[in-house]
Amino acid sequence: MGEFREQPIYSTRAHVFQIDPSTKKNWMPTSKHAVTVSYFYDSTRNVYRIISLDGSKAIINSTITPNMTFTKTSHKFGQWADSRANTVYGLGFSSEHHLAKFAEKFAEYKEAARMAKEKSLEKMELASSPSQESPADIHSPLTPPVTADLCRINGTGDDVTLSDVSPNFMLQSDLSPTTPTLAHSPTTNKHWEAELAALKSNNAKLTAALLESTANVKQWKQQLAAYQEEAERLHKRVSELESQSSQTNVIKSQKTELNQTIEELECTLKAKEEEMVRLKEQVENAKQLQTQKDELTKKLEDTDLRNKELEEQLADLEQRLESSQVDQENLRKNLKTLLEILDGKIFELTELRDNLAKLIEDS
């Protein structure tokens with residue numbers, strides 16, 4: 001993915017699933033929690049892709065093609081098949097609104113991919129079949145006419161492999177050393193140079209289309225072989241069931257019951273998947289609540305420690321107050337005793353004053 005040419009154009013969050021390759025029925029979660037799922041647009045190749053990363057691992061890398069279809073299987077779950085990746089992707093959203101928005105974007109970019117493919121095919125057809133204004137349209141000993149084989153190279157690629165056409169096929173035919181009748185005038189040389197440049201450009205485009213078509217052909221052949229094996233296995237299974245019973249009606253009844261059972265199991269499976277998504281959300285909420293609980297427990301422990309410190313300070317203050325009260329009581333007793341002594345001294349002084357007054361009067 002180019003850092004500058006490919007940019008995200010829409011993102012959302014969802015739980016990612018893939019179909020079980022062994023059963024082709026059960027869903028396998030590829031992410032432990034909701035991850036970001038993004039649409040990317042490559043402006044250089046005019047290609048749309050769906051990409052999702054779980055950490056550094058790419059769990060979705062799907063190129064949107066005009067043949068793809070996004071299907072809503074429930075109000076919060078959707079899926080699409082990717083033939084290139086040979087798998088089926090499923091997304092579980094947190095709300096119906098997010099699912100609808102993702103499906104809307106899928107249809108929009110699918111249509112854009114279809115239009116881009118049509119424009120690309122038109123350009124490649126024009127490149128493989130030059131117009132009358134192109135100097136390559138002038139046939140000469142160096143310019144073989146455009147054949148149906150070359151047009152087929154630029155098409156779907158179903159009829160061509162790498163061994164059928166060499167990437168340098170056109171250039172080799174144009175630069176063949178068996179053409180001794182070439183005129184060497186300046187005008188003719190410019191004409192051949194322009195024609196050679198056009199042929200080189202066409203050859204590069206056709207080579208790229210050939211490589212892409214060959215890769216698609218190999219992938220389609222592998223898928224076709226897998227489908228044929230599955231069809232043969234199912235055919236053998238049907239033959240065995242038909243040979244085991246002579247009553248066609250019974251077989252049809254059993255097949256109907258099996259289909260109903262399969263539909264019921266699929267409905268149950270979808271309900272379980274939705275329940276699993278809901279339980280995962282509850283687990284995430286429980287983790288958040290546990291975190292809050294741990295924080296509150298820490299605060300409570302800090303508060304208890306502070307209370308103990310305050311209780312120790314209060315006990316110390318009470319002890320000081322009690323000691324102060326004892327000191328005050330002792331001081332009060334000492335003052336009372338001192339007052340009694342002072343009263344006695346005052347009484348003695350009063351008697352002494354009276355005796356002195358009498359002595360003064362007698363004298």
Side-chain angles (χ1 to χ4, degrees), residues 1-21 27-124 205 208-209 211-213 215-216 219 273-274 276-278 280-281 283-285 287-288:
M1 182 178 65
E3 182 178 358
F4 297 99
R5 72 182 186 183
E6 192 168 22
Q7 299 293 335
I9 52 180
Y10 176 76
S11 298
T12 184
R13 292 185 67 81
H15 293 268
V16 180
F17 300 86
Q18 278 192 18
I19 202 72
D20 189 346
W27 288 106
M28 300 189 305
T30 57
S31 62
K32 296 180 181 180
H33 49 78
V35 296
T36 300
V37 182
S38 302
Y39 286 100
F40 279 77
Y41 175 61
D42 188 339
S43 58
T44 303
R45 296 188 300 157
N46 208 8
V47 171
Y48 294 85
R49 290 200 296 167
I50 303 174
I51 296 177
S52 179
L53 299 177
D54 187 6
S56 59
K57 178 184 177 183
I59 56 179
I60 297 180
N61 186 1
S62 177
T63 302
I64 299 177
T65 64
N67 297 328
M68 284 185 177
T69 302
F70 185 80
T71 305
K72 300 178 183 178
T73 57
S74 70
H75 65 287
K76 291 184 180 180
F77 193 87
Q79 65 184 47
W80 77 95
D82 189 338
S83 59
R84 294 185 178 181
N86 195 22
T87 189
V88 179
Y89 293 105
L91 297 179
F93 295 88
S94 59
S95 67
E96 188 174 359
H97 170 72
H98 290 87
L99 171 60
K101 188 67 175 179
F102 187 89
E104 177 185 343
K105 293 294 181 181
F106 192 99
E108 177 184 344
Y109 301 144
K110 171 186 171 182
E111 179 64 18
R114 184 187 67 79
M115 296 178 64
K117 183 177 181 181
E118 290 179 356
K119 291 181 180 178
S120 176
L121 290 175
E122 290 176 0
K123 291 181 180 178
M124 294 173 70
K205 294 178 181 178
L211 294 176
E212 183 177 359
S213 300
N216 291 337
Q219 187 175 6
E273 290 172 353
E274 294 176 359
M276 184 174 64
V277 172
R278 187 180 64 82
K280 286 183 177 179
E281 293 177 353
V283 168
E284 291 180 358
N285 294 333
K287 290 181 179 178
Q288 294 178 357

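In terms of heavy atoms, Met28 sits closest to Pro21 at CE-CD, 3.7 Å. Between Ser31 and Asp54, the shortest heavy-atom contact is CA-OD2, 3.8 Å. What you find for Lys72 and Ala100 is that their closest heavy atoms are NZ-CA, 3.8 Å. In plain terms, the two heavy atoms of Trp27 and Val88 that are nearest each other are CZ3-O, 3.6 Å. A pairwise comparison of heavy atoms in Thr69 and Phe106 identifies C-CE2, 4.1 Å as the closest pair. Across all their heavy atoms, Ala34 and His15 have their closest contact at N-CE1, 3.3 Å.
A heavy-atom distance below 4.5 Å is not found between the side chains of Leu53 and Thr36. Between Asp82 and Met68 there is a side-chain heavy-atom pair separated by less than 4.5 Å. Inter-residue side-chain proximity for Ile50 and Val37 is flagged as met; some heavy-atom pair is nearer than 4.5 Å. Counting only heavy atoms from C-beta outward, the side chains of Tyr41 and Tyr109 never approach each other to under 4.5 Å. Under the 4.5 Å side-chain criterion, counting only non-hydrogen atoms from C-beta, Tyr39 is in contact with Ile64. Looking only at side-chain heavy atoms (C-beta outward), Thr63 and Arg84 come within less than 4.5 Å of each other. Put simply, the side chain of Glu274 reaches to within 4.5 Å of the side chain of His75, judged on heavy atoms. Side-chain atoms of Arg49 and Ile60, non-hydrogen and from C-beta on, never get closer than 4.5 Å to each other.
To the nearest 0.5 Å, atom CG of residue Asn46 and atom NZ of residue Lys117 are 13.0 Å apart. The CD atom of Gln79 sits 7.0 Å away from the CD1 atom of Ile19 when rounded to the nearest 0.5 Å. Here the straight-line distance linking atom OG of Ser11 with atom NZ of Lys105 works out to 11.0 Å at 0.5 Å rounding. Rounded to the nearest 0.5 Å, atoms CZ (Arg13) and NE2 (His33) are 7.5 Å apart.
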What do the steps show when you test Leu91 against Trp80 for side chain to side chain contact (heavy atoms under 4.5 Å, CB included), and what is the final call? CA-CA 9 Å; Leu91 297 179; Trp80 77 95; 3.8 Å; yes
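When each of Phe17, Tyr89, Phe70 is paired with Phe77, the ring pair (Phe, Tyr, Trp, His ring centres under 6.0 Å) condition holds for Phe17 and for no other.
Within 6.0 Å of CD on Glu96 lie no more than 12 heavy atoms contributed by other residues, nucleotides or ligands.
Formation of a donor-acceptor pair under 3.5 Å by the Thr30 side chain with backbone atoms of Val16 is found in this model.
Arg114 and Glu111 are joined by a salt bridge, as a carboxylate oxygen and a charged side-chain nitrogen come within less than 4.0 angstrom of each other. Salt-bridge formation is not detected for the pair Lys280/Glu284: no Lys NZ or Arg NE/NH1/NH2 atom is positioned less than 4.0 Å from an Asp or Glu carboxylate oxygen.
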